[in-house]
*Asks:* 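Encoded as structure tokens, here's the structure I'll be asking about.
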Amino acid sequence: MIKVSVLGLKNSLILSPLAEITIPPFRRICAEFGAVTISEMTYAKGIIYNNPNSLRRIARAETEEKYGIQLLTNNPEDLVNTIELIESEKLSDFIELNLGCPKPKITNARLGAALLRIQDHMLLKELLEIGSFSSKLPFTVKIRAGFDTVTFPDVLKLAEKTNVSFVTLHSRLATDTYQTPARSEYWKQAVEITSIPIIANGDVQSFDHACQIIEQFGVDGVAIGRSARGNPQIFQKQAKLSSREVYDRLIQYMKNTVYFNLFNLRVQSADFMKNFRYAANARKTILSMNNPNEIIEYTREMLGKR
Ligand SMILES: Cc1cc2nc3c(=O)[nH]c(=O)nc-3n(C[C@H](O)[C@H](O)[C@H](O)COP(=O)(O)O)c2cc1C
């Protein structure tokens, strides 16, 4: 059973942000299948200074009924200014601070998961206070279990004190690789120690798996990232369309946008080559193709054979 969402929806399955993959046309489809959607992480400064790439990335598609913008910043003033801008221009329904990105380029700049380190909790507290108290929209955070040691219990305490609306917990450390399985016991622990709604994230593979996690651990929702690649119907109990129909719809949404380019076509098309015998070869073929129409035709043909 899906719990009533903290955002007032029937369904609390969230499309977890994937940089360069959960592009607006892809989010549009996931939203049609019932997902709450969130932009890829976007530098607050990029929004403040009207960087065209940042603005494109956070542009809300018409079907995104419950949509959040995810920010990357450690600067209190930038956070206030971005929140003001998002609110005044009604760009989203909630605002999320990224506290989970593990990339050295990000964490070396004291951004993303770096702020989970105990020595950075003064700054983190300031950011959470500003996020919650200067925003009329729900303010949320996406965290990992910690940077290189487990600190999420302390982070949850800070989030509770500062009225954060919900926390998405990707139950790995930032220093873990994806080979380390996500730790479901952290979701359980999180629910036990805080009254803030918790969204579980990490290695969720299907709609039924998400329902089972909600039941078993008492979390308020589940965020699905990689398993949604090439499979936006994961947000529905039962897939109603064929993969080819979904792919066609994605291509239609990409057409006439800046996202209709070789890079996105290769990535999105290769993502649809899942779970069949020659998937690895098909993916390789797509990634080596240089002609957009050829990629589309080849992908359609392969999907037709399934
Ligand atoms: C390629 C890639 C890009 C990602 N980009 C973001 C991002 O922009 N913001 C974010 O909060 N998490 C990002 N993540 C983390 C995912 O949202 C998610 O937390 C993680 O993949 C675990 O969930 P999953 O097992 O359902 O994929 C990214 C992960 C991957 C693999």
Side-chain angles (χ1 to χ4, degrees), residues 12-24 26-27 30 35-44 46-47 53-54 56-58 67-74 92 94-107 109 111-116 131 139-147 152 155 164 166-184 186-187 190 198-214 219 221-232 234-235 263-264 266-268 270-271 274 283 287:
S12 37
L13 292 192
I14 297 180
L15 170 65
S16 206
L18 301 170
E20 309 220 61
I21 293 155
T22 54
I23 52 177
F26 183 78
R27 297 201 312 259
C30 292
V36 174
T37 49
I38 305 181
S39 74
E40 302 168 41
M41 59 185 183
T42 303
Y43 282 102
I47 300 175
N53 280 338
S54 306
R56 235 179 260 137
R57 204 173 291 147
I58 63 164
Y67 169 60
I69 291 179
Q70 193 186 74
L71 300 177
L72 204 51
T73 187
N74 60 11
S92 71
F94 62 101
I95 298 170
E96 178 159 284
L97 182 64
N98 179 308
L99 297 173
C101 184
K103 287 189 189 152
K105 185 180 150 212
I106 302 289
T107 55
L111 289 162
L115 294 168
L116 300 173
F139 178 75
T140 68
V141 294
K142 179 157 176 283
I143 67 172
R144 291 211 175 207
F147 182 74
F152 75 88
V155 175
V164 167
F166 68 79
V167 176
T168 300
L169 173 58
H170 177 190
S171 52
R172 286 187 174 89
L173 296 174
T175 48
D176 285 339
T177 66
Y178 278 102
Q179 266 70 52
T180 308
R183 309 269 291 263
S184 54
Y186 293 160
W187 301 326
I198 298 292
I199 307 292
N201 173 240
D203 297 349
V204 180
Q205 278 148 19
S206 66
F207 184 94
D208 288 344
H209 187 197
C211 295
Q212 183 216 316
I213 288 170
I214 290 171
V219 292
V222 166
I224 302 177
R226 291 165 301 156
S227 294
R229 295 183 70 168
N231 182 23
I234 196 169
F235 297 102
F263 173 79
N264 288 310
R266 279 182 183 156
V267 171
Q268 297 290 338
D271 278 354
K274 265 186 175 175
R283 255 199 300 274
L287 294 176

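For ligands, and for the atoms within them, numbers begin at 1 and follow the listed sequence. Counting from 1, the numbers follow the sequence of the chain as shown. When reading the values below, keep in mind they use all heavy atoms of this one structure, side chains included, and skip hydrogens, waters and symmetry mates.
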*Asks:* Taking the side chain as every heavy atom from C-beta outward, state whether Ile21 and Gln268 have any atom pair closer than 4.5 Å.
*Replies:*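 The answer is yes, as the side chains (C-beta and beyond) meet within the 4.5 Å cut-off.
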*Asks:* Give the contacting part of Leu18 toward ligand 1: side chain, backbone, both or neither, where contact means a heavy-atom distance below 4.0 Å.
*Replies:*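 Looking at Leu18 and ligand 1, atoms from backbone and side chain both fall under 4.0 Å.
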*Asks:* What I want to know is whether Arg172 and ligand 1 share at least one N or O pair that is separated by under 3.5 angstrom.
*Replies:* no
*Asks:* Give the numbers and elements of all ligand 1 atoms closer than 4.0 Å to a heavy atom of Ser16.
*Replies:*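 Taking each heavy atom of Ser16 in turn, ligand 1 has 16 (C), 17 (O), 18 (C), 19 (O) under 4.0 Å.
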*Asks:* Tell me the nearest of Pro17, Gly225, Gly112 to atom 17 (O) of ligand 1, using heavy-atom distances.
*Replies:*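 Considering heavy atoms of Pro17, Gly225, Gly112, the nearest to atom 17 (O) of ligand 1 sits in Pro17.
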*Asks:* Would you say Arg57 and Ser39 make side-chain contact, with heavy atoms under 4.5 Å?
*Replies:*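 Arg57 vs Ser39: side chains apart.
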*Asks:* Could you give me the CA-CA distance, side-chain angles and deciding distance for Tyr43 and Ile106, then say whether side chain to side chain contact (heavy atoms under 4.5 Å, CB included) is met?
*Replies:* CA-CA 11 Å; Tyr43 282 102; Ile106 302 289; 3.4 Å; yes
*Asks:* Would you please name every residue forming a side chain to side chain donor-acceptor pair (under 3.5 Å) with Tyr67, sequence neighbours left out?
*Replies:*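 Tyr67: side chain to side chain donor-acceptor pair (under 3.5 Å) contacts with Arg27.
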*Asks:* In this structure, does ligand 1 have an atom that sits under 4.0 Å from one of the heavy atoms of Gly100?
*Replies:* no
*Asks:* Going by the closest heavy atom to atom 22 (C) of ligand 1, which one wins out of Arg57, Arg229, His170?
*Replies:*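 The nearest heavy atom belongs to His170.
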*Asks:* Looking only at protein heavy atoms, which one is nearest to atom 1 (C) of ligand 1, and how far off is it?
*Replies:*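 Answer, as residue, atom name and distance: Ile21 CD1, 3.9 Å.
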*Asks:* Within the structure provided, determine whether Thr177 and Thr180 are in side-chain contact (heavy-atom separation under 4.5 Å).
*Replies:*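 Yes. Closest side-chain heavy atoms under 4.5 Å.
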*Asks:* Among protein heavy atoms, which sits nearest to atom 23 (O) of ligand 1, and what does the distance come to when rounded to 0.1 Å?
*Replies:* Asn201 ND2, 3.1 Å
*Asks:* Kindly determine whether Val155 and Val141 satisfy side chain to side chain contact (heavy atoms under 4.5 Å, CB included), including the steps that lead there.
*Replies:* CA-CA 10 Å; Val155 175; Val141 294; 5.6 Å; no
*Asks:* Would you give me the side-chain donor-acceptor pairs under 3.5 Å for residues 94-105, sequence neighbours excluded?
*Replies:*
{"residue": "Glu96", "atom": "OE1", "partner": "Thr140", "partner atom": "OG1", "Å": "2.9"}
{"residue": "Glu96", "atom": "OE2", "partner": "Gln70", "partner atom": "NE2", "Å": "2.9"}
{"residue": "Asn98", "atom": "OD1", "partner": "Gly100", "partner atom": "N", "Å": "2.9"}
{"residue": "Asn98", "atom": "OD1", "partner": "Cys101", "partner atom": "N", "Å": "2.9"}
{"residue": "Asn98", "atom": "ND2", "partner": "Gln70", "partner atom": "OE1", "Å": "3.0"}

*Asks:* Are any non-hydrogen side-chain atoms of Leu169 and Trp187 less than 4.5 angstrom apart?
*Replies:*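 Answer yes - side chains close enough.
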*Asks:* As a check for students: among Met41, Glu40, Gln70, identify the option with a heavy atom nearest to atom 11 (O) of ligand 1.
*Replies:* Gln70
*Asks:* When only distance counts, is Val204 in polar contact with ligand 1, meaning an N/O pair under 3.5 Å?
*Replies:* no
*Asks:* Counting only heavy atoms closer than 4.0 Å, does ligand 1 sit against the backbone of Asn98, its side chain, both, or neither?
*Replies:* side chain
*Asks:* Using a 4.5 Å cut-off on heavy atoms from C-beta on, say whether the side chain of Arg172 contacts that of Asp203.
*Replies:* yes
*Asks:* Tell me, which protein residue and heavy-atom name are nearest atom 12 (N) of ligand 1, and how many Å apart are they?
*Replies:*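 Going by distance alone, atom 12 (N) of ligand 1 is nearest to Lys142 NZ, 3.0 Å.
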*Asks:* Among all protein heavy atoms, pick the one closest to atom 31 (C) of ligand 1 and tell me residue, atom and distance.
*Replies:*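 Result for atom 31 (C) of ligand 1: Tyr178 OH, 3.6 Å.
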*Asks:* Heavy-atom contacts with Asp203 under 4.0 Å: which atoms of ligand 1 show up? List them by number with element.
*Replies:*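 In order of number, 24 (P), 25 (O).
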*Asks:* Heavy atoms, side chains only, cut-off 4.5 Å: are Arg229 and Phe26 in contact?
*Replies:* no
*Asks:* Considering both backbone and side-chain atoms of Ser227, is one of its nitrogen or oxygen atoms within less than 3.5 Å of a nitrogen or oxygen in ligand 1?
*Replies:*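 There is no such contact.
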*Asks:* Nearest protein heavy-atom contact for atom 5 (N) of ligand 1: which residue, which atom, what distance?
*Replies:*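 Residue, atom and distance for the closest contact: Ala19 N, 2.8 Å.
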